[in-house]
Number of protein chains: 2
Amino acid sequence: MKKINIAILGLGNIGTGTYKLLEMNRKHIEQATDIDFQVKWILEKYTELDRGIVVDPKRWTQDPDEIMSDPCVDVVVELLGGIEFSTKLMIDAMNAGKHVVTANKAAVAANFEILTETAEKNGVLFRYEASVGGGIPLINAITTSLVANEWVEFFGILNGTTNFILTKMTEEKLPYDVVLSEAQERGFAEADPTADVEGIDVANKLSILMSIVFGKRVRPEEIPTTGITKITSRDIDDAAKDNCVIKLLASAKKVGDEITCSVEPVLLNKKHPLSEVNDEFNALFLKGNAVDDVMLYGKGAGPLPTASAIWGDVIEIGRSVTNE
Amino acid sequence: MKKINIAILGLGNIGTGTYKLLEMNRKHIEQATDIDFQVKWILEKYTELDRGIVVDPKRWTQDPDEIMSDPCVDVVVELLGGIEFSTKLMIDAMNAGKHVVTANKAAVAANFEILTETAEKNGVLFRYEASVGGGIPLINAITTSLVANEWVEFFGILNGTTNFILTKMTEEKLPYDVVLSEAQERGFAEADPTADVEGIDVANKLSILMSIVFGKRVRPEEIPTTGITKITSRDIDDAAKDNCVIKLLASAKKVGDEITCSVEPVLLNKKHPLSEVNDEFNALFLKGNAVDDVMLYGKGAGPLPTASAIWGDVIEIGRSVTNE
């Protein structure tokens with residue numbers, strides 16, 4: 001059996017899920033791939049936290065150079081979050097000839113050109129399925145099975161926190177502030193929810209999708225973005241009277257040579273498949289000139305769903321490397 | 001630009017759609033892949049039919065050996081339908097060192113072992129995304145992005161004809177016979193609708209999914225299969241009273257080491273995402289031990305949606321071959 005060594009940068013929620021998934025499904029993954037995946041290094045300061053996993057103490061490091069200079073490391077999985085430092089480490093890894101997988105939408109959206117160009121320059125693979133839509137196979141479906149399509153438009157629900165809030169406001173007829181507090185208590189929203197509720201997180205994901213679907217680079221800050229903070233119970237009621245629900249949508253459309261995109265709360269008729277995407281679920285709806293309407297639906301966040309997408313990328317890289 | 005030559009076996013509806021898609025999106029496909037795809041041969045008796053396409057007369061052949069013995073042919077796309085002859089040609093093509101793509105669920109379901117083993121023996125690729133769910137990226141998503149998951153269960157609406165009939169019976173409160181006649185008039189059902197309405201077509205697709213999802217070979221005729229011919233307006237009404245709809249589902253479930261599967265009409269609560277999959281649309285709902293719930297939705301039939309999946313496979317083969 002061939003062997004692929006990975007290094008995980010950051011053992012937060014997603015990093016821990018990524019580690020757990022391999023422990024949980026190792027036998028299945030070996031059978032499916034005939035590859036022995038090993039976590040060679042974990043870059044993490046807090047080694048003493050109880051994460052419910054067993055880590056060989058030799059695997060911890062706090063020195064990125066130990067990873068970059070180790071010729072045995074095939075794939076670096078960046079799960080640190082943030083933009084500057086994580087981008088630097090991804091570029092360092094690529095320059096050291098390592099393939100890179102990330103779930104970091106902010107870093108990919110901010111630094112798409114330099115990351116993709118550095119990967120190409122070094123002849124390494126760079127994959128980021130988990131950065132948009134968590135576990136849903138979006139980016140890889142668009143770039144492989146669906147690649148023959150010219151796309152007309154797409155729109156999606158790409159943030160679990162805001163979708164959870166809007167669903168609760170609709171189903172339980174509660175005001176925004178009350179639902180936000182509940183979401184924070186239950187861990188569905190962060191203490192500072194700005195990036196979610198103001199649509200910034202969705203704009204990062206839309207920026208990535210614009211590159212993938214339309215081959216057009218749009219920086220997140222260039223995307224007209226409205227969050228959900230001004231949605232009232234009255235708005236939700238009015239929508240219901242018109243047989244609609246309010247959803248925070250990332251939308252993009254091609255008309256002639258012009259491609260427009262935006263993030264904003266939108267009235268969706270209850271007949272539309274996206275109107276039934278509730279709670280923390282995400283979905284992307286696309287219209288292609290061959291496949292017509294297609295929708296991909298699943299959990300847009302959470303350690304194991306996100307780890308599913310990360311391992312999909314790591315495994316594809318492993319297959320590609322061991323086939324050479 | 002590298003070049004990939006394909007041969008299309010059979011220029012019926014799907015074959016014509018496959019040819020049209022390349023004409024329609026050639027520039028887009030070249031930009032996305034840096035590969036020049038050419039249709040070198042078309043195996044077809046009826047060359048004079050008006051299909052709304054222009055074919056260089058040199059491309060027609062009625063002799064499969066002309067294709068198999070042509071060293072320039074990289075990929076054979078089998079779109080003849082039927083089982084025996086199409087399987088023979090796929091095996092001949094593989095033995096001649098050619099990669100094979102097919103949309104033929106009956107042939108794949110009947111001859112899964114010999115087809116996959118012959119491909120492996122010859123070191124060629126064999127892909128059949130279009131055989132289940134038309135344009136929906138199912139098989140490739142399960143075998144790549146989602147491959148790290150152990151699957152708990154899946155169920156899907158995988159036949160457009162029966163879903164069209166059940167949708168009409170539900171929405172327009174019409175009896176089965178009336179709706180079937182309308183479906184036949186509108187081209188949604190064949191003159192002999194047996195394979196669709198008795199669930200045989202779905203059983204073929206479920207057989208393929210059992211191999212892909214659970215790695216378990218179940219022949220279509222071994223699957224307990226009930227069609228929709230006995231569904232009455234009364235059944236539909238009774239379902240509605242319980243806030244349910246009736247859908248013809250392909251289902252499979254793993255309990256312990258036991259994996260069971262069946263095709264039958266099922267009561268689905270209107271809250272379930274599959275309950276909103278109407279008319280000719282298809283969808284597959286899966287539960288994995290990492291990704292949790294995921295659903296893939298789109299057009300399960302039709303020339304261009306099916307051609308989208310066929311080209312996804314051809315392009316992936318083209319990329320793989322030109323990368324060697």
Side-chain angles (χ1 to χ4, degrees), chain A residues 17 20-22 24-25 28-29 31-33 129 134-150 215 271-273 275-278 281 283 285-286 288-299 302 304-305 307-316 319-320 323-324, chain B residues 17 20-22 24-25 28-29 31-33 129 134-150 215 271-273 275-278 281 283 285-286 288-299 302 304-305 307-316 319-320 323-324:
Chain A
K20 271 188 185 158
L21 195 157
L22 182 62
M24 189 167 89
N25 289 0
H28 166 79
I29 291 171
Q31 280 174 351
T33 63
E129 176 68 70
I136 312 170
L138 294 179
I139 293 173
N140 294 331
I142 294 163
T143 56
T144 62
S145 296
L146 297 169
V147 67
N149 286 272
E150 289 194 35
K271 285 265 161 197
H272 194 282
S275 74
E276 285 288 323
V277 177
N278 287 325
F281 280 91
F285 191 96
L286 304 109
N289 74 341
V291 74
D292 200 14
D293 292 343
V294 62
M295 184 172 78
L296 309 163
Y297 164 100
K299 289 207 165 163
L304 283 176
S308 164
I310 291 165
W311 276 104
D313 280 349
V314 172
I315 288 169
E316 279 300 284
R319 283 170 164 165
S320 165
N323 257 343
E324 274 167 6
Chain B
K20 270 187 187 160
L21 196 156
L22 181 62
M24 190 168 88
N25 289 359
H28 165 79
I29 291 172
Q31 279 173 353
T33 62
E129 176 68 71
I136 311 170
L138 295 178
I139 294 173
N140 293 331
I142 294 164
T143 55
T144 62
S145 297
L146 297 168
V147 68
N149 287 273
E150 289 195 35
K271 285 265 163 199
H272 194 282
S275 73
E276 286 288 324
V277 177
N278 287 325
F281 281 91
F285 191 96
L286 303 110
N289 75 341
V291 73
D292 200 15
D293 292 343
V294 63
M295 184 173 77
L296 308 162
Y297 165 100
K299 288 208 165 162
L304 283 176
S308 163
I310 291 165
W311 276 105
D313 280 350
V314 172
I315 288 169
E316 279 300 285
R319 283 170 164 165
S320 166
N323 256 344
E324 271 166 8

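To find a chain, count down the sequence lines: A is the first, B the second, and so on, and within it residues start at 1.
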Task: Contact winner vs chain A - I310(B), L138(B), L286(B), D293(B), heavy-atom pairs under 4.5 Å - done: D293(B)
Open item on the list: To the nearest 0.5 Å, what is the distance between CG on N289(B) and CG on L21(A)?
Closed with: 7.0 Å
- [ ] Would you mind checking which part of E150(A) comes under 4.5 Å of any heavy atom in chain B, side chain (CB onward), backbone (N, CA, C, O), both or neither?
- [x] both
Open item on the list: Test your reading of the model: is there a side-chain donor-acceptor pair from N140(A) to the backbone of S145(B), 3.5 Å cut-off?
Closed with: no
- [ ] Measure K271(B) against the heavy atoms of chain A and call it side chain, backbone, both or neither at under 4.5 Å.
- [x] both
Task: Value rounded to 0.5 Å, distance of CZ in R319(B) from OG1 in T143(A) - done: 6.5 Å
- [ ] With rounding to the nearest 0.5 Å, note down the distance linking CG in D292(A) to CZ in F281(B).
- [x] 6.0 Å
Task: Contact class of N278(A) relative to chain B, heavy atoms under 4.5 angstrom - done: neither
- [ ] Identify which part of N25(A) has an atom lying under 4.5 Å from any heavy atom of chain B, answering side chain, backbone, both or neither.
- [x] both
TODO: For H28(B) and V147(A), work out which heavy atoms get closest and say how close.
DONE: NE2-O, 2.9 Å
Open item on the list: Below 4.5 Å, heavy-atom pairs only: which of P137(B), P273(B), G312(B) has the largest tally toward chain A?
Closed with: P137(B)
- [ ] Could you have a look at G298(A), G215(A), A148(A), A309(A) and say which one has the most heavy-atom pairs with chain B under 4.5 angstrom?
- [x] A148(A)
Open item on the list: Out of I136(A), L22(A), L296(A), return the one with the most heavy atom pairs under 4.5 angstrom to chain B.
Closed with: L296(A)
Task: Closest-packed option against chain B by number of heavy-atom pairs under 4.5 Å, given K20(A), E129(A), M24(A), E276(A) - done: M24(A)
Task: Interchain contact, A32(A) with chain B, by part (heavy-atom threshold 4.5 Å) - done: side chain
Task: Selection from V291(A), V314(A), D313(A), I139(A) maximising heavy-atom pairs under 4.5 Å formed with chain B - done: V291(A)
Task: Residue N149(B) versus chain A: region with a heavy atom under 4.5 Å - done: both
